[in-house]
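Okay, so here's the structure we're looking at.
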Amino acid sequence: VTRADIETQRNRLFANIGQRNTHELIKIPAINDPVQDAAVGIMVSVIVPYWNTYPEALTYLAYETVNRSLEQGLGPKSAIAFSMLGSILIKEKQTTRLGYDLAAFAVSITERFEDPYYGTAARYMFYNHVVFWKKPLRWGLDNLIQAVHSGIETGNIQWASYCLNHYSMRLLMAGDPLESVKEVYDKYTDVIYRLKQDAPLTFFNPPRQAVDNLLGLARDNTLLKGRAFDEETGIASFYETRQFSAIGLAYTFKLLVYTVFKDFKAAWNLTRKKDCETYIRAATSQFQPYIGLCFFGIVLMRNFHRVSSQEQQQILEKTEQLIEEFGRYKAINPRNFTMMHRLLCAERFRITGQWALAADSCEKAIDESRSNQYLYFEALASELCAMVWQDRKKEAIAGEYTAHAFRAYEKWGCLPKLDQMKAAYPFLSSGPEKQADKTGTGTKAVDRLDINSVQKATFAISSQIRPDKVL
């Protein structure tokens, strides 16, 4: 599949839609050619295998199925293709509205044909793949559980299992307290095993094991090996069966635990694996690849000063690409992407010696994370801010941010991280509550610097920075 093939399909789609709004497409007659209906059914049936193993061809397949449905007539099977294409188009600024509308239209198709079987799949796609581009990450979780019940009742247990899997994983990614996430995983583990769907199970266990690791229930905090998953055999199996999305999922949660526990040397080795970034990106149009890409960029920059000058240049180029990419996503939905964008910017400013901008980006990342309840991003941004001030020999301010990070990790429930921090910072053991809480003072730590120093530093670095790059 070439870019020209995709562009041809794209032009075909716009020609098929014409001047109509997507809600008008519901008037398209039902498909009445059994051969064409069978063709649509075959294409829909391979969307999930393509999704997991041939992502480069998935976009073409979604376009072809949707275009054929628009030309030959609608049916309930078409809903899956409309949902998938919508989830692909929504992340591009030029087609965000169209992507959202196509995925919403897919739900309308199943309602028109009164088909709850395919309705389960359409709702899974819309509430898991699409709404996070417009709504907070927790929005729509109840709809996923409703789709689970609908799928079980109609026999669509494959898509019911997907709904259950992503409901659980979404809570982890959204930053819910780890103990409550574990309770959800424990509650639904027996259900998803009894549904006997291998593909959803593949994606259920790595994040479940990550929860155990973050709670201190694994022997090694950074090795995804325990009651739910064994990365040593599991990832090898994913390679053998060409389950690229599953490889990327495991890599994403490994990078998360590596970053939380500051094992950046091992994390660096993971990023050096062939096609690591490609695998992380393989789970097309879901939220977890963006978590993975954010940690991928953080890991690169945390290793900046220990690699060769050639590798440093590669890191600068790659992280600039990621910052630009997350800047586009932030423009689509600030609530789910701004904190990641700010965190990447802060890391970039730190490694290039632009400490005032690094501190400011950290502050903004903390604020965004807190306002959208991403506890672990709030903690990570606070730790980074402490590092920035530590580099400037501002011990007291660094201590405040360290204490704030400790409290965020405590709220999240990451017990082994608390032990790690207490060992590194003895003052935390005497009671972090005795440290001034920067969130309660109404004054940001960056404001405590002598204003003349800030003005001089800002003037000095402003001449070296392109304004359009300071996002």
Side-chain angles (χ1 to χ4, degrees), residues 26 30-31 34 36-53 58 61-62 65-66 68-69 73-88 102-132 140-171 184-185 187-205 208 243 245-246 249 283-288:
I26 201 68
I31 192 167
Q36 292 295 335
D37 186 46
V40 169
I42 291 171
M43 287 188 284
V44 165
S45 71
V46 297
I47 277 182
V48 171
Y50 271 48
W51 181 5
N52 290 330
T53 58
L58 177 63
L61 178 66
T65 312
V66 165
R68 191 171 295 231
S69 297
L74 298 176
K77 301 170 188 174
S78 308
I80 298 178
F82 276 95
S83 296
M84 179 58 75
L85 184 59
S87 71
I88 292 170
L102 286 177
F105 174 64
V107 177
S108 299
I109 292 175
T110 62
E111 292 172 348
R112 169 187 168 180
F113 290 98
E114 298 181 348
D115 194 316
Y117 182 90
Y118 286 102
T120 298
R123 283 172 171 76
Y124 162 78
M125 292 295 299
F126 182 67
Y127 291 108
N128 186 64
H129 289 242
V130 173
V131 295
F132 71 81
L141 285 173
D142 290 344
N143 299 87
L144 285 177
I145 290 298
Q146 291 172 12
V148 171
H149 293 298
S150 175
I152 292 175
E153 290 169 1
T154 60
N156 193 346
I157 56 176
Q158 177 189 21
W159 289 93
S161 299
Y162 282 128
C163 291
L164 198 57
N165 173 27
H166 285 273
Y167 173 83
S168 306
M169 182 164 55
R170 183 85 68 84
L171 294 172
V184 169
Y185 269 109
K187 177 180 178 181
Y188 291 124
T189 294
D190 183 58
V191 176
I192 202 165
Y193 270 93
R194 283 192 283 112
L195 292 175
K196 297 180 180 180
Q197 294 294 300
D198 291 340
L201 265 175
T202 296
F203 296 93
F204 185 78
N205 285 326
R208 179 184 169 215
Q243 296 188 74
S245 296
L249 182 75
T284 304
S285 70
Q286 298 181 56
F287 191 70
Q288 64 266 24

Is any side-chain heavy atom of [Y] closer than 4.5 Å to one of [X]?
X	Y	answer
Asp37	Lys77	yes
Leu74	Arg112	yes
Met125	Val130	no
Ser78	Val40	yes

So which of Ile145, Asn128, Asn143 actually passes side chain to side chain contact (heavy atoms under 4.5 Å, CB included) with Tyr167? Ile145

Of all heavy-atom pairs between [X] and [Y], which one has the smallest distance, and what is that distance?
X	Y	result
Pro200	Gln158	CG-O, 3.9 Å
Thr110	Ala79	CG2-CB, 3.6 Å
Ile109	Phe82	CD1-CD1, 3.7 Å
Thr120	Trp159	CG2-CB, 3.8 Å
Val107	Ala122	CG2-O, 4.0 Å
Ile47	Ala81	CD1-CA, 4.0 Å

Donor-acceptor pair, side chain of Arg170 and main chain of Leu141, under 3.5 angstrom: no

Whether Thr154 side chain and Ser150 backbone form a donor-acceptor pair below 3.5 Å: yes

Can you tell me how far the [atom1] atom of [X] sits from the [atom2] atom of [Y], to the nearest 0.5 Å?
X	Y	atom1	atom2	value
Phe204	Thr189	CZ	OG1	4.0 Å
Phe132	Ser87	CZ	OG	8.5 Å
Tyr185	Met169	OH	CE	6.0 Å
Lys187	Ile192	NZ	CD1	14.0 Å
Leu164	Leu195	CG	CG	7.0 Å
Ser108	Phe126	OG	CZ	9.0 Å

Verify the neighbour count for atom OH of Tyr50: are there more than 12 heavy atoms of other residues, nucleotides or ligands below 6.0 Å? no

Evaluate the side chain to side chain contact (heavy atoms under 4.5 Å, CB included) criterion for residues Asp142 and Tyr127: first the C-alpha distance (whole Å), next the side-chain angles of each, then the deciding distance (0.1 Å), finally the verdict. CA-CA 9 Å; Asp142 290 344; Tyr127 291 108; over 6 Å; no

With sequence neighbours excluded, residues passing ring pair (Phe, Tyr, Trp, His ring centres under 6.0 Å) with His129: Trp51, Tyr124

Between Tyr162 and Phe203, is the ring centre distance below 6.0 Å? no

Go through the steps for Met84 and Thr65 under the test side chain to side chain contact (heavy atoms under 4.5 Å, CB included), then give the verdict. CA-CA 10 Å; Met84 179 58 75; Thr65 312; over 6 Å; no

